[in-house]
Amino acid sequence: MLTLPDMQYRRAINPDPTAFADVFLKSFTASEGAEEGEFVSALAADLIKTTPKNDIAAFSAHEGDLCVGVVIFTRLYFPQTSRIVFLLSPMAVLPNHQGQGVGQGLIAYALSQLVGDIVVTYGDPAFYGKTGFAAIDPVVLPAPYPLSQPQGWIAQSLTKAPILPLEGPATCAPALQNPAYW
Ligand SMILES: CC(C)(COP(=O)(O)OP(=O)(O)OC[C@H]1O[C@@H](n2cnc3c(N)ncnc32)[C@H](O)[C@@H]1OP(=O)(O)O)[C@@H](O)C(=O)NCCC(=O)NCCS
């Protein structure tokens with residue numbers, strides 16, 4: 001991974017929905033098209049506005065005054081455990097800053113700041129595998145809804161403890177409570 005001496009990583013205590021949405025809009029419009037850009041940016045703003053404050057953690061990467069990368073974590077709750085599980089979703093880096101290590105640096109920073117037991121995401125193992133995520137069976141770590149692409153369900157322990165099976169169903173943040181997203 002490249003080292004980026006001018007990049008600053010921050011936790012956003014009161015994330016600005018508009019500023020975060022703007023990075024998602026630019027990034028996903030460039031990579032997936034205008035409709036997906038609108039969808040993900042609206043979802044990110046909704047997550048920031050509607051998730052209880054204790055259940056969300058948002059981080060950003062900055063080059064000078066420019067916010068170049070963003071990532072949002074929200075809590076997943078399981079009925080019979082006190083283990084703290086975070087879902088990483090979504091994340092984005094501005095198009096002309098991609099491929100320079102910003103995404104990996106932002107995840108590494110966020111994981112160093114998060115206090116919890118497990119972090120899971122639903123994405124491309126080719127990218128997230130570079131930051132410690134590995135495939136996990138939804139039987140071991142149940143998702144909130146049936147997964148259309150279970151191979152994209154990937155997790156890592158935030159502690160030295162291995163990930164032991166959790167009983168579902170998991171409950172996610174209100175903004176993600178739509179089976180079509182999964
Ligand atoms: C995915 C994303 C966040 C990665 O951030 P980034 O700053 O470009 O990533 P980094 O530079 O830290 O890491 C790049 C590495 O990951 C790989 N990678 C990056 N994006 C990838 C993707 N979508 N799929 C597979 N691999 C990817 C690259 O091949 C590269 O590998 P290398 O280090 O061996 O060359 C960014 O490309 C992005 O915003 N993409 C569009 C939106 C998106 O897909 N978000 C993630 C889903 S929520």
Side-chain angles (χ1 to χ4, degrees), residues 1-12 15 17-48 51 56-64 66-76 85-114 118-136 138 141 143-145 147-156 172-173 175-182:
M1 188 174 112
L2 297 171
T3 50
L4 302 165
D6 296 332
M7 199 60 57
Q8 283 202 330
Y9 299 107
R10 296 180 201 152
R11 179 169 188 160
T18 308
F20 269 67
D22 187 55
V23 179
F24 286 111
L25 181 68
K26 289 178 174 140
S27 175
F28 276 87
T29 299
S31 66
E32 316 277 337
E35 199 176 322
E36 188 70 5
E38 294 287 347
F39 169 73
V40 181
S41 64
L43 177 64
D46 194 17
L47 265 178
I48 291 170
T51 306
I56 185 166
F59 299 86
S60 50
H62 300 260
E63 194 175 60
L66 184 65
C67 177
V68 301
V70 286
V71 61
I72 298 174
F73 297 80
T74 48
R75 281 285 300 273
L76 285 184
V85 182
F86 284 101
L87 174 75
L88 180 170
S89 184
M91 91 167 281
V93 171
L94 287 180
N96 56 5
H97 285 76
Q98 291 175 10
Q100 299 164 31
V102 177
Q104 291 174 69
L106 181 57
I107 292 176
Y109 175 77
L111 297 185
S112 76
Q113 301 297 307
L114 275 182
I118 298 167
V119 59
V120 61
T121 189
Y122 189 37
D124 189 339
F127 171 64
Y128 290 106
K130 293 177 186 294
T131 59
F133 288 88
I136 185 123
L141 186 62
Y145 297 94
L147 298 172
S148 59
Q149 298 186 60
Q151 72 278 12
W153 192 237
I154 47 182
Q156 63 179 293
C172 59
L176 295 170
Q177 289 176 9
N178 182 337
Y181 299 168
W182 300 85

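Counting starts at 1 for both ligands and their atoms, following the listed order.
Gly101 counts as a contact of ligand 1, since one of its heavy atoms falls under 4.0 Å from the ligand. By the 4.0 Å heavy-atom criterion, Ser89 is excluded from the residues contacting ligand 1.
At least one side-chain heavy atom of Leu94 sits less than 4.5 Å from a side-chain heavy atom of Leu66. The closest side-chain heavy-atom distance from Leu43 to Phe24 is not below 4.5 Å. With a 4.5 Å cut-off on side-chain heavy atoms, Thr29 and Ser41 do not count as touching. Phe28 has its side chain out of reach of Glu38: every pair of non-hydrogen atoms, C-beta onward, lies at least 4.5 Å apart.
For ligand 1 and Ala92, the ligand atoms under 4.0 Å from any heavy atom of the residue are 39 (O). Interface of Gln98 with ligand 1, defined as ligand atoms under 4.0 Å from a residue heavy atom, comprises 8 (O), 36 (C), 37 (O), 38 (C), 39 (O), 40 (N), 41 (C).
Summarising the contacts of atom 18 (N) of ligand 1 with Tyr128, Tyr122, Phe127, the nearest heavy atom is found in Phe127. Proximity annotation for atom 10 (P) of ligand 1: of Glu36, Glu32, His97, Gln104, Gln104 comes nearest, heavy atoms only.
Atom CD of Gln151 is surrounded by more than 12 heavy atoms from other residues, nucleotides or ligands within 6.0 Å.
Counting heavy atoms closer than 4.0 Å to ligand 1, residue Asp124 contributes side-chain atoms (C-beta onward) but none from N, CA, C or O. Only the side chain of Lys130 comes within contact range of ligand 1, with a heavy atom under 4.0 Å; no backbone atom does.
In terms of polar-atom proximity, defined here as any N/O pair under 3.5 Å, Gly103 does make such a contact with ligand 1. Looking at ligand 1, you'll find an N or O of Met91 within less than 3.5 Å of one of its N or O atoms. For a threshold of 3.5 Å applied to N or O pairs, the pair formed by Gly99 and ligand 1 contains at least one separation below that value.
Formation of a donor-acceptor pair under 3.5 Å by the Tyr122 side chain with backbone atoms of Gln149 is found in this model.
With rounding to the nearest 0.5 Å, the separation of NE2 in His97 from OG in Ser27 is 12.0 Å.
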Q: Give the C-alpha distance, both sets of side-chain angles, the deciding distance and a yes or no for ring pair (Phe, Tyr, Trp, His ring centres under 6.0 Å) between Phe59 and Phe73.
A: CA-CA 9 Å; Phe59 299 86; Phe73 297 80; 5.7 Å; yes
